[in-house]
S.K.: 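My structure is below; once you've seen it, I'll send some questions.
For ligands, and for the atoms within them, numbers begin at 1 and follow the listed sequence. This one's a predicted model, so the numbers in the text were calculated from it and none came from an experiment.
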Amino acid sequence: MTYNIKLRRFEYEDAQALADFCNDEDLQRYLLLCRLPYTVDDAHAFIKYAKDCQKSGGEQCFAITLDDNVIGCISYTIQSGCHCNSASVGYYISKEYWHNGIMPIAVKNLLEIIFQNSAINRVFAEIFAENTPSARVLEKCGFVREGYLRKGVSKDGIMHDAILYALVR
Ligand SMILES: CC(C)(COP(=O)(O)OP(=O)(O)OC[C@H]1O[C@@H](n2cnc3c(N)ncnc32)[C@H](O)[C@@H]1OP(=O)(O)O)[C@@H](O)C(=O)NCCC(=O)NCCS
């Protein structure tokens, strides 16, 4: 099946859709910056953050749309100092759409945006070691597993092992 997946910047009108699918324990399990319950106000604050970052050059956030409906989020962050040719990526989509091959399409779209608009030559992701679905997404997009980071991420005060994936052009 072919999906009509596009990336675009967030608008405040997306807050309700974002709140609907982000208010989900399963979706948030391996995300660092979310909260439960996740309200429309939280979504609104996130969209303001995304708009501010777009201007400041911070995390660049995009809505993932399916047939023009917002079903997820994907972002990249250009690193600083001697890592300024690297960008990290992060992403999530509504549980309703998991396991349809949608996120690999979104990641490939994001890679095009990154490589067209910047001098970035390395894109990486650090994922919770137990997040096999996310590892599969990265592998399908050509990322290579580079390392195992013991106690590499902390969520809610608990340390978790992480895996580093990267793609180099
Ligand atoms: C991780 C995530 C982005 C994957 O997106 P997706 O569009 O479902 O990706 P895919 O359809 O390519 O599936 C990837 C893998 O997910 C797993 N998976 C997803 N849904 C599944 C389901 N219902 N049952 C079993 N496996 C499932 C499979 O391992 C699959 O790999 P496979 O295609 O080789 O079988 C999505 O599950 C998600 O948003 N999760 C919550 C947020 C998150 O963890 N983000 C990543 C933080 S680093």
S.K.: Would you say I102 touches ligand 1, if touching means a heavy atom closer than 4.0 Å?
M.R.: yes
S.K.: Is it true that the side chains of D42 and T39 contain a donor and an acceptor less than 3.5 Å apart?
M.R.: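 There is such a pair (donor and acceptor under 3.5 Å, judged by atom type) between the side chains of D42 and T39.
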S.K.: Any atoms of ligand 1 less than 4.0 Å from a non-hydrogen atom of I127? List them with their elements.
M.R.: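 Heavy-atom distances to I127 below 4.0 Å select 48 (S).
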S.K.: Does ligand 1 have any atom that is closer than 4.0 Å to a heavy atom of P104?
M.R.: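 True for this residue.
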S.K.: Under 4.0 Å from a heavy atom of Y92: which atoms of ligand 1 are those, numbered in the order shown and with their elements?
M.R.: 39 (O), 42 (C)
S.K.: State yes or no: do F124 and V168 share one hydrophobic cluster built from I, L, V, M, F, W and Y residues joined by side-chain heavy-atom distances below 4.5 Å, directly or via other members?
M.R.: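 They do not share one cluster, since no chain of ILVMFWY contacts under 4.5 Å joins F124 to V168.
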S.K.: Whether R9 engages the ring of F62 as a cation-pi pair (distance to the six-membered ring centre under 6.0 angstrom, angle to the ring normal within 45°) should be assessed.
M.R.: yes
S.K.: To the nearest 0.1 Å, how far is atom 48 (S) of ligand 1 from its closest protein heavy atom, and which atom is that?
M.R.: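 Nearest neighbour among protein heavy atoms for atom 48 (S) of ligand 1, to 0.1 Å: S134 OG, 3.5 Å.
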S.K.: Measuring from atom 45 (N) of ligand 1, which candidate in Y165, Y91, Y30 has the nearest non-hydrogen atom?
M.R.: Y91
S.K.: NZ of K6: more than 12 outside heavy atoms within 6.0 angstrom?
M.R.: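 Not buried by this count: 12 neighbours or fewer within 6.0 Å.
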S.K.: Considering residues, nucleotides and ligands other than R169, do more than 12 of their heavy atoms fall under 6.0 Å from its CZ?
M.R.: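 Correct, the count exceeds 12.
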S.K.: Tell me the protein heavy atom at minimum distance from atom 15 (C) of ligand 1, and give that distance in Å.
M.R.: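 Its nearest protein heavy-atom neighbour is P133 CA, 3.6 Å.
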S.K.: I need the atoms of ligand 1 closer than 4.0 Å to a non-hydrogen atom of V137, numbered in the order shown.
M.R.: 4 (C), 5 (O), 9 (O)
S.K.: What is the closest protein heavy atom to atom 44 (O) of ligand 1, and at what distance does it sit?
M.R.: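 The closest heavy atom on the protein side is N131 ND2, 2.9 Å.
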S.K.: Students should be able to answer this: which protein heavy-atom is nearest to atom 28 (C) of ligand 1, and at what distance?
M.R.: H99 NE2, 3.6 Å
S.K.: Do we see a donor-acceptor contact under 3.5 Å between the side chains of Q28 and D24?
M.R.: no
S.K.: Using the ring-ring contact (aromatic ring centres under 6.0 Å, His included) rule, take F10 and F46 through it: C-alpha gap first, then chi angles, then the decisive distance, then the call.
M.R.: CA-CA 9 Å; F10 279 101; F46 169 75; 5.5 Å; yes
S.K.: Among protein heavy atoms, which lies nearest atom 11 (O) of ligand 1, and at what distance?
M.R.: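 Looking at atom 11 (O) of ligand 1, the protein heavy atom closest to it is G101 N, 2.7 Å.
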S.K.: Are side-chain N/O atoms of E139 and Y165 paired as donor and acceptor at under 3.5 Å?
M.R.: yes
S.K.: Between the side chains of Y49 and E59, is a donor N or O closer than 3.5 angstrom to an acceptor N or O?
M.R.: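 Indeed, the side chains of Y49 and E59 share at least one donor-acceptor pair under 3.5 Å.
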S.K.: Which of the atoms of ligand 1 are close to L27, meaning less than 4.0 Å from one of its heavy atoms?
M.R.: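 In order of numbering, the contacting atoms are 41 (C), 42 (C).
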S.K.: Heavy atom to atom 12 (O) of ligand 1, shortest distance: which of K140, M103, R136 holds it?
M.R.: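 Closest candidate by heavy-atom distance is K140.
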S.K.: Between Q16 and V40, is there a donor-acceptor pair closer than 3.5 Å when you use the side chain of the first and the backbone of the second?
M.R.: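 Not a single qualifying donor-acceptor pair exists.
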S.K.: I need the atoms of ligand 1 closer than 4.0 Å to a non-hydrogen atom of N100, numbered in the order shown.
M.R.: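 So the answer, numbered in order with elements, is 11 (O).
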S.K.: Checking a contact table here: which protein heavy atom is nearest atom 36 (C) of ligand 1, and how many Å away?
M.R.: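 Here the closest protein heavy atom is W98 NE1, 3.5 Å.
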S.K.: Return the closest protein heavy atom for atom 39 (O) of ligand 1 as residue, atom name and distance.
M.R.: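 The answer is I93 N, 2.9 Å.
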